[in-house]
Amino acid sequence: APIPLSSSVEELYELLEQLGSGHFGVVRRCQERSTGAFYAAKSVKVRRRKGSRLGLDRQQVEREVRILRQLRHPNIMRLHDLFASTAEMVLILELIHGGELFDFIAEKETLTEEEAVPFLKQILLGVSYMHSCRIAHFDLKPENIMLFQKDVPHPTIKIIDFGLAQKLEEGVTFKSLCGTPQYIAPEVVHYEALSTATDMWRVPLRPLSRAEAVPAVAQHPRVFLPRSVGVITYILLSGMSPFQGETDAETLANVVSGNYEFEEKYFSQTSEMAKDFIRQLLLKEPGDRMTASECLVHSWIKPL
Ligand SMILES: Cc1ccc2c(c1)c1c3c(c(C)cc1n2CCCN)C(=O)NC3=O
């Protein structure tokens, strides 16, 4: 019998329980029939017609796939297979068992510096690799940082969900919707040049809907570092968000003014090196922030 040109995902994979759903679509555990191996199947409804509101833009999903195909790093989830039909696309992804870093912190309240540094080092390795490929994630936040397994002494970090990622072409300015800026970076608010730093400046406000996305001009940036590693570090060590205000407006004002502090109540046990690491990231001027590689050799991350 002729080999079918394109088979449906169900022919090759048994779809199992739902693992999560959100703007990224629906994620289910699945098992490859031929090998018995388990994966995550992320199915995304794509628009049938240009103008329709339902589903995501096919180009956007195709961009995610193109980007995932370029990335091969132990701290970035792997794309295993892809199925596309007129109504939906199914990405077969590496199955990550340990859940979100966010939940892991929630269980522990806060992490000691000894626990936080190994996580941050892996995030930085994944981020610096992605940025060296000139790829910006544009939606990096604790929900998108998962643990490969969690009940092990040294959990492996996996960065997931490149649904909003962009390839920063050499010298090319591209306009892009900065997706859900759950963390409004100062440069976004002021419509200044965005870059990989913007990709990472992330202050966890309340989850905003995609509709609240702020159009942003992402320009060809110098590849430098994101503020969000600073924010994520602040949260890992204190359980608090540095710019959180009573209302989103207040949080935004704090973000734009760049004012935050190390409250004694939460930081009395924190080392000067850890605070210096955070200070060198939570800088308003994107160009002043450490780059990922600079972070990796900061005295707090790289012991002498
Ligand atoms: C065990 C488990 C539970 C929830 C999962 C996943 C795995 C998961 C996975 C992925 C994505 C993009 C989202 C996922 N979600 C949705 C929540 C992500 N923040 C993925 O790429 N591999 C996963 O295992």
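Hydrogens, waters and symmetry mates play no part in the numbers below; they use all other heavy atoms, side chains included. In this text, all values refer to a predicted model and were calculated from it rather than measured experimentally. Whatever order the structure lists them in is the order used to number ligands and atoms, beginning at 1.
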In a table with atom names and distances, give each donor-acceptor pair under 3.5 Å that connects a side chain of residues 91-100 to protein atoms at least two apart or in another chain.
{"unit_1": "E94", "atom_1": "OE1", "unit_2": "R78", "atom_2": "N", "d": "3.0"}
{"unit_1": "E94", "atom_1": "OE2", "unit_2": "K158", "atom_2": "NZ", "d": "2.8"}

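- Residues E250 and N254 have side chains that never bring a donor and an acceptor to within less than 3.5 angstrom of each other.
- Ligand 1 is surrounded by L19, G20, F24, V27, A40, M77, L93, E94, L95, I96, E100, E143, M146, I160, each with at least one heavy atom closer than 4.0 Å.
- With sequence neighbours excluded, no residue satisfies side chain to side chain donor-acceptor pair (under 3.5 Å) with D103.
- D81 and Y13 are linked by a side-chain donor-acceptor pair at a separation below 3.5 angstrom, with hydrogens and angles left out of the test.
- V27 meets the side-chain contact (heavy atoms from CB on, under 4.5 Å) test with L19, F24, A40, K42; sequence neighbours excluded.
- A 4.5 Å side-chain heavy-atom check between F38 and E14 finds every atom pair outside the cut-off.
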